[in-house]
Amino acid sequence: MGLMGKERTLLLIESDATDARLIRGALADAWGGPFEVEWARDLADSLERLCRGKISAVFADLYLPDSRGLETLDKLLLVVPQVPVVILCTIEDEQIALQCVQRGARDFLLKDHLDSYSFSRALHNMLERKAIEDALYVEKERAQVMLDSIGDAVLSTDLSGKITYLNLVAESMTGWSREDAIGRPLAEVFRVIDASTRENCRNPMDLAIQHNRTVALPTNSILVRRDGAELFIEDSAAPIHDRLGRVTGAVIVFHDISAAKAMTVKISELAQHDILTGLPNRAYLNDRISQAITNAHRRGSKFAVLFLDLDNFKHINDSLGHPIGDTLLQSVARRLVSCVRDSDTVSRQGGDEFVVLLSEVAHANNAAPCAQKLLTMLKAPHFVGHHSLEVSASIGISIYPEDGQDPETLIKTADTAMYQAKKYGRNNYKFFEEEMNIRAVERQSIEEDLRGALDRQEFTLQYQPKIDLRTGAITGAEALIRWLHPQRGMVAPLMFVPVAEDSGLILPIGMWVRREACQQARAWQDAGFPPLPVAVNISVVEFRDHNFLESVRAILKETRLEPCRLELELTESVLMQHVDTSTSVLQQLKAMGVRLAVDDFGTGYSSLSYLRRFPIDALKIDRSFVHEITSNPDDATIVRAVISMGRSLNHCVIAEGVETREQCTFLQNQQCDQGQGYYFSRPVFPEQFAKLLETGVPTAVLT
């Protein structure tokens, strides 16, 4: 359209007719013309003409019959601020003309030096600058709309740390309007404190400018609004550069994670406490026992673990109903807590089983009076509704370090002793005795046999399908190791995998499992079946091995399996040991294209912030929660929370241990993505799995 666009009309404001005639002639012949030049003698006529529009530019003498000096320009710009104005003046008025330029005029021309070239230059410069300004305005408006439309808050500062911009979200989150905030120090508008110490966090802008790179706030940061309200936030700050690469300020992007924090707290409570009684659950107890082991090892002291099971509770539950049974369990929990010290821990393991940790005992026999006190307190009547209920208990006692040196062993030995107490008449307690545990000798025997099992080709893999709970289609398989011992027969993984982990034999065995599973997945593809991911469990010993990443890479290359067809399953406890190292390894696996899943989710200690940090594809709900989702409200609540959290994180959620139609229906109603368990198929050998791929899961299985 040229410099003028469609509008080619100029307005000359000049009271002197002679000057006007000369100027109109020069304007009409200016480069880029011809132009239509309209003439007005005074300001009033000029303003009336400008109000009708379609004027491209104004050439104005400041001294008119009805207006003089700077007042003339001010009135013109007030009526048509978007139309460029060029001042016409004599050399004596050059200083006033310069002031006009500072106040909004585009240029000025000296009447003594007017010709077509001067007007051409002025028109060209003026209109080109207006075109650039219009383009910049459009870009600025576009950027403003974009910044006000995104969900994150954005603010920027100059080098001195003064606020230069806030978008609408930032205004809402900080409580400061843009007008009030601009020009104020960042620390006044964007006050961030550490949630733990309540101390002010270091200014992220300073860090971004100092290091000339993007930086993030600590994960536990709170934004204090102008009104004093507090929000958990995540943010990043980045330096702003000019065209020469020099830092001119910083931009901070942040968003509210208060809801996510609340969900983390809720899930943490669900994961560590029993909903019915409020007591610590299995996970929390394991942590407390681990702490007790550390303290006892340092002091050379002992502690006791008491495993308590109510006698004949099932009869009460079945005859009087679950509400009465639940209330009775709450009463039992209160009495157990009243019998122990503040430093001790009472935990509910599930059902009618409780575990008491006596954090320090001088001698093993010191646990006996406490056990007897528990039995006596529980024996007194429990008044539940209109019922007076009497219950007794059987207690097994294990002592650290004699009966175990880790939480699992100590609980198991106490559990073993509890069954002996039941065997000898109930309402009784029994210390663990060595002869109860023939397993120690058995364990040594298993380790010896394991050392040659790989060379003797005694291992095999079975595959259990994963099922899409919406369509019933097979979406993948989990590879499960089986040991066919020449004398023992089929040995369960729980019998030999822990021994393999403790002895280090899990490294060559695990590598064999990964290679065998990848070869089988490739073989199914070569046989014409659709490509499906095969999942392999990874132990902490394998995950921490320095050759682990290279072995995965080599096996994928050797078997010609696409990395996305291999899924590695790791438990929460594996991931939460040395979080930084875990993150690095997971990111490298993800870079290869391997899928990653958190196995037995809900039994460990992970938090929402860490799950967001890990590049996870799937969460597998532990079978212990799935087992009673239709009968235990606590487990049902946990499963709902995990599915909801997985959906919010865009993770695939897989339920393990699905064994009944009722469990399957519950999971479908909660929109769980996939299921795995005996309800669909037991683990089968490759040939049988291929038949499943041909026939699919019977449609009657899915409701």
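Since this is a predicted model, take the numbers as computed values, not measurements. Atoms considered below: every heavy atom in the structure, side chains included; atoms not considered: hydrogens, waters and symmetry mates.
- Every residue two or more places apart in sequence or in another chain that forms a side chain to side chain contact (heavy atoms under 4.5 Å, CB included) with Asn537 is listed here: Glu478, Leu480, Glu569, Asp599.
- When the salt bridge (charged side-chain N to carboxylate O under 4.0 Å, His left out) test is applied to Arg456, the partners found at least two apart in sequence or on another chain are Glu458.
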List the atom pairs, donor and acceptor, that lie under 3.5 Å between side-chain atoms in residues 382-389 and the rest of the protein, sequence neighbours left out.
residue, atom, partner, partner atom, Å
His382, ND1, Ser331, OG, 2.7
His382, NE2, Arg335, NH1, 3.3
His382, NE2, Leu378, O, 3.0

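- For the pair Val499 and Leu505, the minimum side-chain heavy-atom distance is 4.5 Å or more.
- Looking only at distances, a side-chain donor or acceptor of Arg544 sits under 3.5 Å from a matching main-chain atom of Val574.
- Salt bridge status for Arg198 with Glu230: present, with a side-chain N to carboxylate O gap under 4.0 Å.
- Checked by atom type and distance alone, the side chain of Gln663 pairs as donor or acceptor with a backbone atom of His627 at under 3.5 Å.
- Relative orientation of the Phe459 and Phe496 rings is tilted, given thresholds of 30° and 60° on the angle between their planes.
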Working note: Ser551 + Arg514, criterion side-chain contact (heavy atoms from CB on, under 4.5 Å); need CA distance, chi angles, decisive distance, verdict. CA-CA 9 Å; Ser551 74; Arg514 292 193 293 278; 3.3 Å; yes

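- Side-chain contact, Ser539 with Glu542: a donor N or O sits under 3.5 Å from an acceptor N or O.
- Rounding to the nearest 0.5 angstrom, the gap separating the CD1 atom in Ile324 from the CG atom in Leu329 is 11.5 Å.
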Please list, one pair per line, the donor and acceptor atoms closer than 3.5 Å that link side chains of residues 392-401 to other protein atoms, with sequence neighbours excluded.
residue, atom, partner, partner atom, Å
Ser392, OG, Asp311, OD2, 2.8
Ser394, OG, Asp311, OD1, 2.9
Ser398, OG, Leu410, O, 2.8

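- Counting heavy atoms from C-beta on, the side chains of Phe307 and Val305 never come closer than 4.5 Å.
- Rounding to the nearest 0.5 angstrom, the gap separating the CD1 atom in Ile616 from the CG atom in Leu575 is 5.5 Å.
- Residues passing the ring pair (Phe, Tyr, Trp, His ring centres under 6.0 Å) test with Tyr463 are Trp524, sequence neighbours excluded.
- The shortest distance between side-chain heavy atoms of Ser582 and Phe543 falls below 4.5 Å.
- Judged by distance alone, the side chain of Ser347 and the main-chain N or O of Pro280 form a donor-acceptor pair under 3.5 Å.
- Counting heavy atoms from C-beta outward, Arg299 and Glu360 have side chains that approach closer than 4.5 Å.
- For the pair Val332 and Phe313, the minimum side-chain heavy-atom distance is 4.5 Å or more.
- Within the 3.5 Å criterion, the main-chain N or O of Asn365 finds no donor-acceptor partner in the side chain of His363.
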Please evaluate residues Val585 and Leu589 with respect to the criterion side-chain contact (heavy atoms from CB on, under 4.5 Å), reporting the C-alpha separation (whole Å), side-chain torsions for both, the decisive distance (0.1 Å), and the verdict. CA-CA 6 Å; Val585 175; Leu589 288 168; 4.1 Å; yes

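- Here Arg682 does not pair with Glu659 in a salt bridge; the nearest charged N to carboxylate O distance is not below 4.0 Å.
- Of the possible donor and acceptor atoms, none in the side chain of Ser644 sits under 3.5 Å from a partner among the backbone N and O of Ala641.
- Considering only residues two or more places apart in sequence or on other chains, Ser338 meets the side chain to side chain donor-acceptor pair (under 3.5 Å) condition with none of them.
- Separating the CG atom in Leu454 from the CE atom in Met511 is a distance of 10.5 Å, to the nearest 0.5 Å.
- Put simply, CG on Asn220 and CD on Glu234 are 10.5 Å apart, with the number rounded to the nearest 0.5 Å.
- A salt bridge does not link Asp415 with Lys412: none of the charged nitrogens is closer than 4.0 Å to a carboxylate oxygen.
- Listed for the Asp455 side chain is no donor-acceptor partner under 3.5 Å among the backbone atoms of Gly452.
- Contact record, Phe680 with Gly675: CE1-C, 3.7 Å, taken as the closest heavy-atom pair.
- Using a distance-only test at 3.5 Å, with no hydrogens or angles considered, a donor-acceptor pair links the side chain of Arg348 to the main chain of Gly351.
- Considering only heavy atoms from C-beta on, Asp673 stays 4.5 Å or farther from Ile654 through its side chain.
- Contacts of Arg451 classified as salt bridge (charged side-chain N to carboxylate O under 4.0 Å, His left out), with partners at least two apart in sequence or in another chain: Glu447.
- Under the side chain to side chain donor-acceptor pair (under 3.5 Å) criterion, Gln674 pairs with Thr475, not counting sequence neighbours.
- Atom OG in Ser343 sits 8.5 Å away from atom CG in Leu358 (nearest 0.5 Å).
- Contacts of Lys379 classified as salt bridge (charged side-chain N to carboxylate O under 4.0 Å, His left out), with partners at least two apart in sequence or in another chain: none.
- Side-chain atoms of Asn427 and Lys422 include no donor-acceptor pair closer than 3.5 Å.
- By the side chain to side chain donor-acceptor pair (under 3.5 Å) test, Gln462 pairs with Arg482, sequence neighbours left out.
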Test side-chain contact (heavy atoms from CB on, under 4.5 Å) applied to Val346 and Val355, step by step: CA-CA 6 Å; Val346 178; Val355 173; over 6 Å; no

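- Residues forming a salt bridge (charged side-chain N to carboxylate O under 4.0 Å, His left out) with Glu628 (at least two apart in sequence, or on another chain): none.
- Donor-acceptor pairing under 3.5 Å is recorded for the side chains of Gln291 and Asp287.
- For the residue pair His322 / Asn317, a side-chain donor-acceptor distance below 3.5 Å is found, with atom types taken as modelled.
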Evaluate Leu374 against Leu306 for side-chain contact (heavy atoms from CB on, under 4.5 Å), listing each step before the verdict. CA-CA 10 Å; Leu374 294 173; Leu306 283 62; 3.8 Å; yes

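- Between the side chain of Thr630 and the backbone N or O of Glu662 there is no donor-acceptor pair closer than 3.5 Å.
- The only option from Asp344, Ile289, Asp342 that meets the side chain to side chain contact (heavy atoms under 4.5 Å, CB included) definition with Ser359 turns out to be Asp344.
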Dump the intermediate steps for side-chain hydrogen bond (donor to acceptor under 3.5 Å, both in side chains) on Thr637 and Asp634, then the final yes or no. CA-CA 5 Å; Thr637 301; Asp634 297 351; 5.7 Å; no

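- Here the straight-line distance linking atom CG of Asp403 with atom OG1 of Thr416 works out to 10.0 Å at 0.5 Å rounding.
- Under the 4.5 Å side-chain criterion, counting only non-hydrogen atoms from C-beta, Leu308 is not in contact with Met418.
- Here the side chain of Asn366 pairs no donor or acceptor atom with the backbone of Pro369 at under 3.5 angstrom.
- Between the side chains of Asp406 and Thr409, at least one donor-acceptor pair of N or O atoms lies under 3.5 Å.
- Between Lys590 and Asp617 there is a salt bridge, since at least one side-chain N of the basic residue sits less than 4.0 Å from a carboxylate O of the acidic one.
- The side chain to side chain donor-acceptor pair (under 3.5 Å) check on Thr294 picks up nothing, with sequence neighbours excluded.
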